[in-house]
Amino acid sequence: MEDYLGEEAANVYTKNPKFPPHIAEYVMNRLKKIKGNENFEKFELVVDAGCGNGKSLLDFLPFFQRSIGFDVNENQVRRAKESIKSETATFYVGIEESMLVEDKSVDLLLNVGALHFMDLATFLKECRRVLKSTGLCATYDSSFSRLEVHFPVKNANQKTADGSGILTSYRTTLYRYYIEANHPTAEWLNRYEQIYERVTGFNKERNDDVTYDYNMTLKELKMFFLSFPTFRKHHNLFGEESAPLNIMGEDLKKLVNAEGIDDEKLQLRFTLSMFFLFLYN
Ligand SMILES: C[S@@+](CC[C@H](N)C(=O)[O-])C[C@H]1O[C@@H](n2cnc3c(N)ncnc32)[C@H](O)[C@@H]1O
């Protein structure tokens with residue numbers, strides 16, 4: 001269940017792509033909309049709960065005088081310290097209980113793709129304690145929404161085919177597996193819908209409108225999925241031919257009449273769709 005622990009998980013996460021910088025700008029714009037924050041150029045403190053190797057926190061550093069990240073996996077924290085050499089950023093090994101910050105000191109509490117692993121009530125209790133009255137808790141991540149496949153051999157009528165249905169089948173296979181295993185990743189695949197419902201004691205809003213695209217090959221798409229320790233573990237339960245990730249790859253090739261082509265020769269456009277949960281006083 002705790003697929004995120006250990007050195008191996010930290011290694012796998014290094015291959016996980018970081019969000020484009022406009023995602024941090026989007027969160028900062030939301031923070032500035034809170035009454036009293038409109039004119040701030042630089043805020044005091046951001047805390048990133050479950051910061052991993054710090055790649056999401058990195059884009060927030062310029063907006064804050066101080067940044068703190070914590071993560072339960074000491075190997076992730078070591079990587080964050082190694083890669084982020086900033087005098088304003090500190091990292092520690094810890095969990096959502098008893099965050100190492102003063103009461104009402106935090107402008108922005110981030111939780112990027114980690115909340116489904118945490119105890120929600122404990123996280124919210126700490127959120128209530130540490131946030132300033134003008135503070136914001138921003139929880140977000142992306143899930144996969146669309147996939148276009150380019151025809152490798154020129155096709156007179158069509159340049160691309162819609163592979164979203166094939167992507168959805170793969171997602172459904174994963175979802176069923178995690179539901180049966182009672183694994184928190186099912187809630188992540190569900191875009192934190194239940195977590196959002198369960199939040200009480202805050203003003204809350206969600207936004208599912210932001211998307212971004214990657215042009216990538218099938219080889220890179222497979223690497224993307226394998227850069228999550230949980231999905232990698234699932235993939236390794238199967239042989240080459242029966243692995244759902246590989247079946248998705250073969251189906252995408254068939255869709256554009258490209259059976260037998262190398263994975264790195266199949267060009268895709270992959271759309272990720274963000275989900276943001278914003279909590280404030
Ligand atoms: C999907 S990764 C996201 C990492 C980082 N937020 C990012 O955006 O790259 C989830 C992280 O949550 C951490 N984590 C899981 N449970 C935790 C807990 N109870 N307290 C702190 N960190 C936790 C894992 O170790 C892992 O680094």
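In listed order, ligands and their atoms are each counted from 1. These values consider heavy atoms only, across backbone and side chains, with no hydrogens, waters or symmetry-generated copies.
An N or O contact shorter than 3.5 Å is missing between D48 and ligand 1 by distance. An N or O contact shorter than 3.5 Å links Q76 to ligand 1 by distance. Ligand 1 has an N or O atom lying under 3.5 Å from an N or O atom of G50, backbone or side chain. Ligand 1 has no N or O atom lying under 3.5 Å from any N or O atom of F19, backbone or side chain. Between E96 and ligand 1, an N or O atom pair is found at a separation short of 3.5 Å.
Remark: ligand 1 atoms within the under-4.0 Å shell around heavy atoms of G52 are 4 (C), 5 (C), 27 (O).
The nearest non-hydrogen atom to atom 20 (N) of ligand 1, considering only L58, T185, I95, L115, comes from I95.
The main-chain N or O of V47 is never found under 3.5 Å from a side-chain atom of R66 such that the two would form a donor-acceptor pair. Not one N or O on the side chain of E197 forms a donor-acceptor pair closer than 3.5 Å with the backbone of I195. In this structure a side-chain-to-backbone donor-acceptor pair under 3.5 Å is present from D107 to L45. A donor-acceptor pair under 3.5 Å is formed between the side chain of N246 and the backbone N or O of E240.
Scanning the protein heavy atoms around atom 12 (O) of ligand 1, the nearest turns out to be A114 CB, 3.4 Å. Protein heavy atom in closest approach to atom 17 (C) of ligand 1: V72 CG1, 3.5 Å. Atom 3 (C) of ligand 1 has its closest protein heavy atom at V112 O, 3.4 Å. Protein heavy atom at the shortest distance from atom 7 (C) of ligand 1 is S56 OG, 3.4 Å. In this structure, the protein non-hydrogen atom closest to atom 16 (N) of ligand 1 is F117 CB, 3.4 Å. Looking only at heavy atoms of the protein, atom 9 (O) of ligand 1 is closest to K55 NZ, 2.7 Å. Distance from atom 10 (C) of ligand 1 to its nearest protein heavy atom, with residue and atom name: G113 O, 3.6 Å. Closest to atom 13 (C) of ligand 1, if we only count protein heavy atoms, is D71 OD2, 3.3 Å.
In this structure, G94 has a heavy atom closer than 4.0 Å to ligand 1.
Under the 3.5 Å distance criterion, with hydrogens and angles disregarded, no donor-acceptor pair is assigned to the side chains of D71 and N73. For the 3.5 Å distance criterion, the side chains of N111 and T139 fail to qualify, holding no donor opposite an acceptor.
Residue contacts with ligand 1, taken as heavy atom pairs separated by less than 4.0 Å, involve Y13 solely via side-chain atoms from C-beta onward. Counting heavy atoms closer than 4.0 Å to ligand 1, residue A9 contributes nothing at all.
A ring pair (Phe, Tyr, Trp, His ring centres under 6.0 Å) with Y140 is found for exactly one of F278, Y196, F276, namely F276. Each of W188, Y4, Y13 was evaluated against F228; a single residue qualifies, W188, per the ring pair (Phe, Tyr, Trp, His ring centres under 6.0 Å) test. With F144 as the fixed residue, the ring pair (Phe, Tyr, Trp, His ring centres under 6.0 Å) test singles out one of Y175, Y170, F225: F225.
By the salt bridge (charged side-chain N to carboxylate O under 4.0 Å, His left out) test, E187 is found to be paired with no residue, residues two or more places apart in sequence or in another chain being considered.
The OG atom of S56 sits 8.0 Å away from atom CG of D141, with the distance rounded to the nearest 0.5 Å.
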